Amino acid sequence: LGYSIHTSDNRFTAGIRAKLYFGKAAFFSGISGAISSDGSGYSLNTWGKAYISAPETNGSINSISAFSGSGTVEYLLNSGNPGKGIDFGINYRISPKLTFSMSVIDLGKINWKTNLNSRSFNSKVGGFTFPNGSYTSSNNTGVKTIIKTGKISYIDSVSNVFDLKRDSASFSRPLPVHIYSSLKYQLNPSIKICLIEHYVILKNMNYNSFAVLANVVLNKKVSMSTRHSCIGYSRL
């Protein structure tokens with residue numbers, strides 16, 4: 001459901017769109033951990049919860065849980081995880097050759113209420129102790145560093161030290177918000193250049209990308225497009 005406005009000369013336009021979401025599956029990590037030493041060795045302790053909404057079969061979450069027989073239809077038509085959000089944007093023609101636009105996409109959240117299979121990741125008493133001889137430690141840069149050595153696997157041992165208590169409480173999470181801004185310049189009748197900044201807001205994982213695009217009209221039937229982009233982590 002959308003609505004837009006524009007000036008009489010069409011130099012400025014703006015619009016907003018309301019959206020309904022129906023979530024299918026989710027995984028959000030609220031797990032933290034720390035390594036400590038008692039002087040004779042090192043141990044890992046963890047706490048927090050992995051928030052999960054996903055079909056489960058025989059106590060296991062995997063792709064077969066959702067895509068097997070009638071489970072596929074139930075998964076795709078599941079409307080038990082509703083959400084609401086909005087998009088909005090503007091477009092302004094600065095001059096006949098230069099245009100600025102900006103938009104914000106998916107400003108909203110989903111309430112996860114079905115297929116709730118969250119797990120507690122609190123360590124059992126004592127946590128996980130790294131076996132002697134499976135690591136080396138150093139303090140060359142003033143920061144204690146532990147490096148795994150050899151072919152010893154920690155996976156089987158680690159899986160036995162987590163509490164992994166099931167938690168079926170519902171939860172809500174915001175969607176990644178996408179913010180776009182761009183400048184379009186018509187260099188001449190055959191060449192258009194566009195600069196695009198894309199910023200994604202996601203808790204503890206914000207990142208942005210920048211792209212330069214060019215469109216060249218070779219003749220009435222053929223045009224060519226090219227692009228260069230880069231992506232980077234952002235602390236904003």
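Since this is a predicted model, take the numbers as computed values, not measurements.
Ring planes of His178 and Tyr180: parallel class, angle under 30° (limits at 30 and 60°). Under the 30°/60° scheme for interplanar angles, the aromatic rings of Tyr42 and Tyr135 are found to stand perpendicular.
No donor-acceptor pair closer than 3.5 Å links the side chain of Arg119 to the backbone N or O of Asp167. Side-chain atoms of Asn111 do not come within 3.5 Å of backbone N or O of Lys109 as any donor-acceptor pair. Side-chain atoms of Asn81 come within 3.5 Å of backbone N or O of Lys113 as a donor-acceptor pair. Counting only distance, with no hydrogens or angles, the side chain of Thr129 and the backbone of Ser43 share no donor-acceptor pair below 3.5 Å. Under a 3.5 Å cut-off, the side chain of Arg93 and the backbone N or O of Asn10 do form a donor-acceptor pair. The main-chain N or O of Gly48 is found under 3.5 Å from a side-chain atom of Asn122 such that the two form a donor-acceptor pair. Panel note: side chain Thr145, backbone Val143; a donor-acceptor pair is recorded below 3.5 Å. The main-chain N or O of Ile52 is found under 3.5 Å from a side-chain atom of Ser118 such that the two form a donor-acceptor pair. At distances below 3.5 Å, not a single donor-acceptor pair connects side-chain atoms of Asn91 with backbone N or O atoms of Thr99.
Contact detail for Ile191 and Gln186: the closest heavy-atom pair is O-NE2, 3.3 Å. Contact between Tyr51 and Arg173 at its shortest, heavy atoms only, is CE1-NH2, 3.2 Å. Of all the heavy atoms in Phe100 and Ser181, the pair that sits closest is CE1-CB, 4.3 Å. Taking each heavy atom of Pro176 and Val200 in turn, the nearest pair found is CB-CG1, 4.2 Å.
Around atom CZ of Arg11, more than 12 heavy atoms belonging to other residues, nucleotides or ligands sit under 6.0 Å away. Within 6.0 Å of atom CG in Leu218, more than 12 heavy atoms from other residues, nucleotides or ligands are found, so the atom counts as buried in its surroundings. Under a cut-off of 6.0 angstrom, the local environment of NZ in Lys84 is sparse, with at most 12 non-hydrogen atoms contributed by other residues, nucleotides or ligands.
Members clustered with Ile147: none, using a 4.5 Å side-chain heavy-atom cutoff among hydrophobic residues.
Distance check, rounded to the nearest 0.5 Å: CD1 of Ile110 to OG of Ser53 gives 9.5 Å. Rounding to the nearest 0.5 Å places CZ of Phe121 at 14.5 Å from CG of Asn45. The line from OG of Ser190 to CE of Met224 is 11.5 Å long, rounded to the nearest 0.5 Å. Rounding to the nearest 0.5 Å places OG of Ser229 at 10.0 Å from CZ of Phe210. Going from atom CG of Asn208 over to atom NE2 of His198 covers 9.5 Å, rounded to the nearest 0.5 Å. The line from CD1 of Ile193 to OG1 of Thr226 is 11.0 Å long, rounded to the nearest 0.5 Å.
Connection of Leu202 to Leu175 is not established within any shared hydrophobic cluster, with ILVMFWY side chains joined at heavy-atom distances below 4.5 Å, either directly or through further cluster members. Residues Tyr185 and Phe12 fall within the same hydrophobic cluster, defined by Ile, Leu, Val, Met, Phe, Trp and Tyr side chains chained together at heavy-atom separations under 4.5 Å. Under the 4.5 Å side-chain heavy-atom criterion for ILVMFWY residues, a single connected hydrophobic cluster contains both Ile94 and Leu187. Ile16 and Ile105 fall into different hydrophobic clusters, defined by Ile, Leu, Val, Met, Phe, Trp and Tyr side-chain heavy atoms under 4.5 Å apart, directly or through other members. Follow the hydrophobic side-chain contacts under 4.5 Å out from Tyr199 and you reach Met102 in the same cluster.
For Ser123, the side-chain hydrogen bond (donor to acceptor under 3.5 Å, both in side chains) partners are Thr46, not counting sequence neighbours. For Lys192, the side-chain hydrogen bond (donor to acceptor under 3.5 Å, both in side chains) criterion is met by no residue, not counting sequence neighbours. The side-chain hydrogen bond (donor to acceptor under 3.5 Å, both in side chains) test applied to Thr136 returns no partner, not counting sequence neighbours. Asn219 pairs by the side-chain hydrogen bond (donor to acceptor under 3.5 Å, both in side chains) definition with nothing, not counting sequence neighbours.
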Determine, step by step, whether Tyr92 and Ile90 satisfy the side-chain contact (heavy atoms from CB on, under 4.5 Å) criterion, reporting the C-alpha distance in whole Å, the side-chain angles of both residues, the deciding distance to 0.1 Å, and the verdict.
CA-CA 7 Å; Tyr92 178 62; Ile90 62 171; 5.8 Å; no

side-chain contact (heavy atoms from CB on, under 4.5 Å) assessment of Ile35 paired with Phe130
CA-CA 10 Å; Ile35 296 176; Phe130 294 96; 4.2 Å; yes

Donor-acceptor pairs under 3.5 angstrom involving side-chain atoms of residues 18-30: please list them, not counting sequence neighbours.
unit_1	atom_1	unit_2	atom_2	d
Lys19	NZ	Asp87	OD2	3.1
Lys19	NZ	Asp106	OD1	2.8
Tyr21	OH	Asp106	OD1	2.9
Lys24	NZ	Leu76	O	2.8
Lys24	NZ	Asn78	O	2.7
Ser29	OG	Ile31	N	3.3

